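Working notes, beginning with the structure itself.
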Amino acid sequence: MATESTKGEGKKSDETTTTTATTTSKNKRPLDDQIEELLLPSLYRLTEGLPRRELHLMIAEAKTCEEALEREIKQLEQEARNEENNSNTDPKAAEGEKDNKELKSFVDMMLASEVTPADSFFTISALLGRLRDELAMPLPPGSSLPAHRAQVGLLQPPPKKKKKEAANSSTTASDASKKQTKDSSSTTAEIVTSSATLEKQKRILALQQNPEYTKQHVNNANLLALWKKISNHRASIVFRRPVNPKEAPGYTDRISFPMDLSMVRKMIVGSRIINSYADLHQRIGLICHNCMKYNGRESDYGVVTREFEANAEEFILQAVAAATNANAAAGQKDGTTTAAAADSKKEDTKKIADVAKEQKGTNNSPALNTSNKAATAAADSSKSGDVSPKVQIKETANQETNADTTRSQDAAAAATSDAKATK
């Protein structure tokens, strides 16, 4: 009997696992696999450039945050089991009904709340708040934040719902078909937009493999031009100057490593601490981390911070791409110039050799022989990469003339000595 019950329990657990897996696969969005693949590398990238103290604090907070999340998950699972039991049991059984009601009200409040356990931990909240677009944490279903952000101009207003028609108006088959087509086209557009944002995230992650991203700049002109682009964007207004502690109570207690765009400029021009696009990117990340940590990831400043970082990273991608293309063009130009010089040298050598052959064939006089020898020597010299052919011809001709003069002088001296001996 015990064995049979164990087998029955095993079958039940297998069925539950299969049902859960099927439900999960049905609820999956088209791009969920890509999102899961990019999530962890993106979080690691956001920690680059953060001070070591912040990273240690983040690790400590993550453990406590994980425990709080596990408690909430257990409460949600308990509520789900209670609902299932209530639907399958006798309505007269009221044992534990009071506890179930309290749990249900707590779960309802939890689901409706804008605050999650992660928001109670500043560094964890700052890290998660910098995730954008498809990688960002979703808001609760009944969240009032989108309407508020649209009202204050942080987001586009949500589309207005059309008024319901009279009850006696019937929906025709053509209207249903049009609605279905419109919904499918809207879904397709959303998928295309999501794919574009995920591709951008991949390009940002791939920056580390680009040597132009980490290249140390001897001249800071390009870095300063990039800083100006970032600083001139409308979303950077609140980040151009240091935070005034009088206007932000408790800022110095929470933020240990303040950073702003004016300080970034000093690091580029003055102290030369920032020498690469990667260094500049990390300081921009610290600015965004501090703002998220102080104001909260879903605050109005949190929305501005995400927009600021998105535009800054777009400018950085453009600058790195331009540097890469310029470097490739310069390499191609150098290769073309070298090839042209080699071809020109070959043509000169060929012309000299042809002239030498023609002169050798038409006349065998000593002077022409000297020129031919000089031309041949020059051709051999140009092949071996020595001095220019014209200089070589001149030197060889001079050597031959000097040799002829020496031989004539020797012959005259010999004749004079013979004449003296005869006398």
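Just so it is clear, the structure is predicted and the values come from calculations on it, not from any experiment.
- Atom OH of Y251 is surrounded by more than 12 heavy atoms from other residues, nucleotides or ligands within 6.0 Å.
- Atom CD1 of I204 sits about 10.5 Å away from atom CG of L38, to the nearest 0.5 Å.
- Within 6.0 Å of CD in E37 there are 12 or fewer heavy atoms belonging to other residues, nucleotides or ligands.
- T214 contributes atom OG1, which lies 9.5 Å from atom CG of D279 (distance to the nearest 0.5 angstrom).
- Judged by distance alone, with hydrogens and angles left aside, the side-chain atoms of E61 form a donor-acceptor pair with the main-chain N or O of I124 at under 3.5 Å.
- A distance of 8.5 Å separates OH of Y277 from NZ of K215, quoted to the nearest 0.5 Å.
- Here R283 contributes atom CZ and I287 contributes atom CD1; the two are 10.0 Å apart, rounded to the nearest 0.5 Å.
- Residues E134 and S194 approach most closely at OE2-OG, 2.9 Å, considering heavy atoms.
- Side-chain N or O atoms of R306 include one that pairs as donor or acceptor with a backbone N or O of G129 at under 3.5 Å.
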Can you check salt bridge (Lys or Arg N to Asp or Glu O under 4.0 Å) on K200 and E314, steps first, answer last? CA-CA 9 Å; K200 183 179 177 181; E314 181 62 34; 3.3 Å; yes
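- Listed here is the closest heavy atom pair of M259 and N290: N-ND2, 3.6 Å.
- In terms of heavy-atom proximity, P242 sits nearest to S262 at CD-OG, 3.8 Å.
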Applying side chain to side chain donor-acceptor pair (under 3.5 Å) to Q208 and E48, what does each step give before you reach the verdict? CA-CA 11 Å; Q208 284 292 346; E48 291 177 0; 3.2 Å; yes
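- More than 12 heavy atoms of other shown residues, nucleotides or ligands fall within 6.0 angstrom of atom CZ in R254.
- H289 NE2 to I255 CD1: the interatomic distance, rounded to the nearest 0.5 Å, is 6.5 Å.
- For CZ of R53, the number of neighbouring non-hydrogen atoms (other residues, nucleotides, ligands) closer than 6.0 Å is 12 at most.
- Under the 4.0 Å criterion applied to side-chain N and carboxylate O atoms, E199 and K202 are assigned as salt-bridge partners.
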Donor-acceptor contacts, no H, no angles, side chain residues 220-228, under 3.5 Å, sequence neighbours left out:
{"residue": "N220", "atom": "ND2", "partner": "I268", "partner atom": "O", "Å": "3.4"}
{"residue": "W227", "atom": "NE1", "partner": "L261", "partner atom": "O", "Å": "2.9"}

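- Under the rule for a side-chain contact (heavy atoms from CB on, under 4.5 Å), the partners of T324 that lie at least two apart in sequence or sit in another chain are N210, E212, V320.
- Judged by distance alone, with hydrogens and angles left aside, the side-chain atoms of R130 form no donor-acceptor pair with the main-chain N or O of C288 at under 3.5 Å.
- Counting all heavy atoms, side chain and backbone alike, L205 lies closest to P41 at CD2-O, 3.7 Å.
- Between the CD1 atom in I274 and the CE atom in M267 there is a gap of 6.0 Å [rounded to 0.5 Å].
- With sequence neighbours excluded, the residues forming a side-chain contact (heavy atoms from CB on, under 4.5 Å) with T252 are P245, listed by chain and number.
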